[in-house]
Amino acid sequence: MSFASREIEQGGDAAVAQAIPRPEYPRPQFVRDRWLNLNGVWSFGFGATEATEATEAAAPTAWTLDRDILVPFAPESERSGIGSTAFHPAVRYQRIVEVPAGWADDRLLLHFGAVDFDTTVWVDDIEVGRHRGGFTPFTIDITDAVARAASTPAFTLSVLAEDDHLTVQARGKQSRRPENYEAFYTRTTGIWQTVWLEPVAPAHFGRPVIRPDLPSSSFAVELDVVSPAAGLTARVEISDADGLVVSRELDVTAQVKPVLTLPVPADRLRTWSPEDPHLYAVRFTLLRGETVVDVLDSYAGMRTIAIDGRRVLLNGRPVFQRLVLDQGYWPDTLMTAPSDDALVADIELGMAAGFNGARLHQKVFEERYLFHADRLGYLVWGEFADWGAKVGPGGPQEPTLSFVTEWVEALTRDLSHPSIVGWCPLNETFQPMTDRLTVLDDATRALYAVTKAIDPTRPVIDASGYSHRVPGADIYDSHLYEQDPDVFAQRMGGLADGRPYVNTALDGTEWSVPYAGQPYFCSEFGGIWWSDSDRTGDDSWGYGEAPRTREEWIDRFRRLVDTLLDDPGMFGYCFTQLTDVFQEKNGVLDFRRVPKFDLRLLRDIQSRPAAYELDDVPPLDR
């Protein structure tokens, strides 16, 4: 069965399931047939400032909740039915969950796609779990609590989310002011991705990891089995359009993390690339003898990423990365995509404008975005929403241990997506270099090291732009929003001589370790201001001086892009940005995804071969 065409049981009436917002299966790379979508109308209330103390005085089933909310949309969004953009230090949710008939003998896993920020969950009045971090998923086994809490298959599910806008925490582009301003946008509090229930056997699969190895024409599959025991066997099957390609089995107690190598015969080998995003179907089966215990359906792409001097190679060849900055906000739903189609549309609009990928900026995007990037052949840099690592306008940047924990959760969620070609744990950190190591130095090195340890198959940049603190990191980059194309070209012109543009403080104070000859790209540029509704700039924001006409905007875009396409040492760029976001009006689309310019013209400007891709350009040595 094709991974893309499966019918999945919703655990209820099909017509009712269609009325649920965001009804699609939220984890498309590892799919089970049975699940229950818990999106929809929940009871809701804003908590007291001292939220934790308030909840100690009353059990969750005694909460007074005075309104409804449409999950998974945050209460700040219009789509939630509330639309309150004030500061909300605590929010409370509650709903009745009826466990479907036939699930009585199963373990019950409660999944949250993302809840911002500190979350506590109850089944009736039994606390079942906590999670810290606003961008990553978490799962709670609620089986025992459901069994203790009620004699019926229904229970009350309660969620408390606490979100202090003043503390150090990873918050991405969420504004700390009451209002939006410059590049900071409306906050997201509480549940903002799908909530769902899933039945599993006591022994079942966790999240496997699929690593392609093109040089050996094989996939290495690392299994995660919950409650492994003798007598359990894991089978992994890889198929293509012509049927089964390869199958392997092993005893799950062979090692703590069993690893299978599945070779792909030469006559069935087909690589994944932007031109041909071929995906193999993968099925995971857990067996006890001949009895099937658990099944996961997945997919995988065969591709490799490598570094050759100053080149980043995809499947052994230089592919210039024409990336666009994608911040993943929508007017009525904020960080939550209004629909699955909206995720697809953003990728297709980016491709229509000539971009072959995106930096997913200051947000951990939901998994379904990556699924669509995988199948459409869209290159992606996975990034963490690390902004929020300092308190006050002049304070030091001091990421906490929670930054590391949440980044590890993001990495482990997304390891198996072929569209991801690089990792970026930090963005635009800035701090002077001194003779003392700081918290920022420690955090940057820790995030870089843990990324390399978890995923040795992709390049990692220690921090995009600004404070590079890891000598010899895989990638080096800069951000440059210079609007004069001639000045931009002059500043970007030193790469061939080993003197690329490096971000510094305005007074020239150094923020970074020296460039060491590694692959280099301009990972933010452009940001060209254009607002049809406001030519004076009073109600919008952008970089530098706005062009006077659309023709001037296009000419500036062409000249900036040409500078980077013509540099044989540049392996890519990232243009800011795909869409306007609230007051920040420098997208090629407006906030409602209406093109502001002729996308065919932008595609033509970007589609000519880059110097980096030309056969007659020799490899660049370190």
Side-chain angles (χ1 to χ4, degrees), residues 272-275 277 303-326 347 350-351 353-361 373 377-383 418-424 427-428 458-466 468 473-481 488-489 491-496 500-503 515 517-527 557-578 588 602-603 605-615 617 619-620:
W272 183 97
S273 68
E275 300 80 15
R303 62 104 183 88
T304 190
I305 305 164
I307 293 176
D308 173 18
R310 282 192 280 177
R311 292 177 182 261
V312 177
L313 307 179
L314 176 65
N315 299 333
R317 65 186 180 93
V319 175
F320 193 84
Q321 296 183 25
R322 299 163 173 84
L323 308 179
V324 67
L325 201 74
D326 189 342
I347 295 173
M351 296 171 76
F355 299 104
N356 62 4
R359 270 188 68 201
L360 306 184
H361 190 54
Y378 202 55
L379 305 177
V380 167
W381 277 75
E383 183 171 313
S419 59
I420 296 178
V421 295
W423 297 113
C424 177
N427 176 75
E428 289 190 352
R458 294 179 176 92
V460 182
I461 189 166
D462 55 348
S464 184
Y466 297 17
H468 296 292
D474 291 337
I475 303 293
Y476 205 99
D477 75 343
S478 66
H479 298 174
L480 182 57
Y481 285 108
F488 181 83
R491 292 185 178 178
M492 278 288 158
L495 181 57
Y501 178 76
V502 178
N503 293 105
Y515 174 63
Q518 60 264 64
Y520 178 97
F521 75 134
C522 182
S523 61
E524 285 186 34
F525 78 109
F557 176 84
R558 176 187 289 108
R559 293 176 66 193
L560 294 173
V561 166
D562 281 350
T563 292
L564 303 178
L565 287 175
D566 289 339
D567 189 334
M570 190 81 57
F571 78 82
Y573 58 63
C574 181
F575 179 81
T576 301
Q577 61 181 327
L578 181 64
V588 299
L602 303 187
R603 185 179 64 241
I605 291 170
Q606 298 193 81
S607 294
R608 68 177 179 85
Y612 170 84
E613 297 171 306
L614 298 177
D615 293 337
V617 174
L620 294 161

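What you see is a predicted model, and the numbers here were worked out from it, not measured in a lab.
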> Yes or no on side chain to side chain donor-acceptor pair (under 3.5 Å) for N503 and S478, after CA distance, side-chain angles and deciding distance?
Replying inline: CA-CA 6 Å; N503 293 105; S478 66; 4.7 Å; no
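- Partners of Y476 by side chain to side chain donor-acceptor pair (under 3.5 Å), not counting sequence neighbours: none found.
- Of the listed residues (F320, F521, Y520, F557), just one forms a ring pair (Phe, Tyr, Trp, His ring centres under 6.0 Å) with Y573, and that residue is F320.
- With sequence neighbours left out, the side chain to side chain donor-acceptor pair (under 3.5 Å) criterion links Q577 to Q327, E584, N586.
- Scored by the salt bridge (charged side-chain N to carboxylate O under 4.0 Å, His left out) test, R458 finds D455 as partners (sequence neighbours excluded).
- Across every non-hydrogen atom of R303 and W272, the tightest pair is CB-O, 3.5 Å.
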> Run the side chain to side chain contact (heavy atoms under 4.5 Å, CB included) check on V312 and V421 step by step: do they pass?
Replying inline: CA-CA 10 Å; V312 177; V421 295; over 6 Å; no
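- F571 contributes atom CZ, which lies 10.5 Å from atom CG of L495 (distance to the nearest 0.5 angstrom).
- Atom-to-atom distance recorded for M492:CE and L564:CG is 6.5 Å, nearest 0.5 angstrom.
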>> Could you walk me through whether R608 and D562 satisfy the side chain to side chain contact (heavy atoms under 4.5 Å, CB included) test, starting with their C-alpha distance in whole Å, then the side-chain angles of each, then the deciding distance to 0.1 Å, before giving a yes or no?
In response: CA-CA 10 Å; R608 68 177 179 85; D562 281 350; 3.1 Å; yes
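- By the salt bridge (charged side-chain N to carboxylate O under 4.0 Å, His left out) test, R603 is found to be paired with no residue, residues two or more places apart in sequence or in another chain being considered.
- M570 CE to Q321 CD: the interatomic distance, rounded to the nearest 0.5 Å, is 12.5 Å.
- With V380 as reference, I420 is the one residue of I420, D326, I347 to meet the side-chain contact (heavy atoms from CB on, under 4.5 Å) rule.
- By the 30° and 60° cut-offs, the orientation of the rings of F575 relative to F355 is parallel.
- Interatomic distance, I307 CD1 to Q518 CD, rounded to the nearest 0.5 Å: 8.5 Å.
- The shortest heavy-atom contact between I305 and P459 is CG2-CD, 3.6 Å.
- The CG atom of D567 sits 10.5 Å away from atom SG of C522, with the distance rounded to the nearest 0.5 Å.
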>> As a quick check of understanding, evaluate side chain to side chain contact (heavy atoms under 4.5 Å, CB included) for L480 and R491, giving each step before the final call.
In response: CA-CA 9 Å; L480 182 57; R491 292 185 178 178; 3.9 Å; yes
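- Considering only residues two or more places apart in sequence or on other chains, W423 meets the ring-ring contact (aromatic ring centres under 6.0 Å, His included) condition with W407.
- Checked by atom type and distance alone, the side chain of Q606 pairs as donor or acceptor with a backbone atom of A353 at under 3.5 Å.
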>> I'd like to know whether I475 forms a side chain to side chain contact (heavy atoms under 4.5 Å, CB included) with W381, so could you lay out the CA-CA distance, the side-chain angles of the two residues, the decisive distance to 0.1 Å, and finally the verdict.
In response: CA-CA 12 Å; I475 303 293; W381 277 75; 4.0 Å; yes
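- Here the shortest heavy-atom pairing between A358 and L323 reads N-CD2, 3.7 Å.
- Proximity of a side-chain donor or acceptor of H479 to a complementary backbone N or O of F525 within less than 3.5 Å is not detected.
- In terms of heavy-atom proximity, G309 sits nearest to P519 at O-CD, 3.5 Å.
- Within the model, atoms CG of D477 and OG of S464 stand 4.0 Å from one another, a figure rounded to the nearest 0.5 Å.
- Both tests pass for R311 against the ring of Y612: distance under 6.0 Å to the centre and angle within 45° of the axis.
- For residues 314-325, the set of pairs meeting the salt bridge (charged side-chain N to carboxylate O under 4.0 Å, His left out) definition, not counting sequence neighbours, comprises E275-R317, R322-E613.
- Between L314 and P274 there is a side-chain heavy-atom pair separated by less than 4.5 Å.
- The backbone N or O of C574 sits nowhere less than 3.5 Å from a side-chain atom of R359 that would complete a donor-acceptor pair.
- Residues V324 and L578 approach most closely at CG2-N, 3.4 Å, considering heavy atoms.
- When every heavy atom of L313 is checked against every heavy atom of P318, the shortest pair comes out as CD2-N, 3.6 Å.
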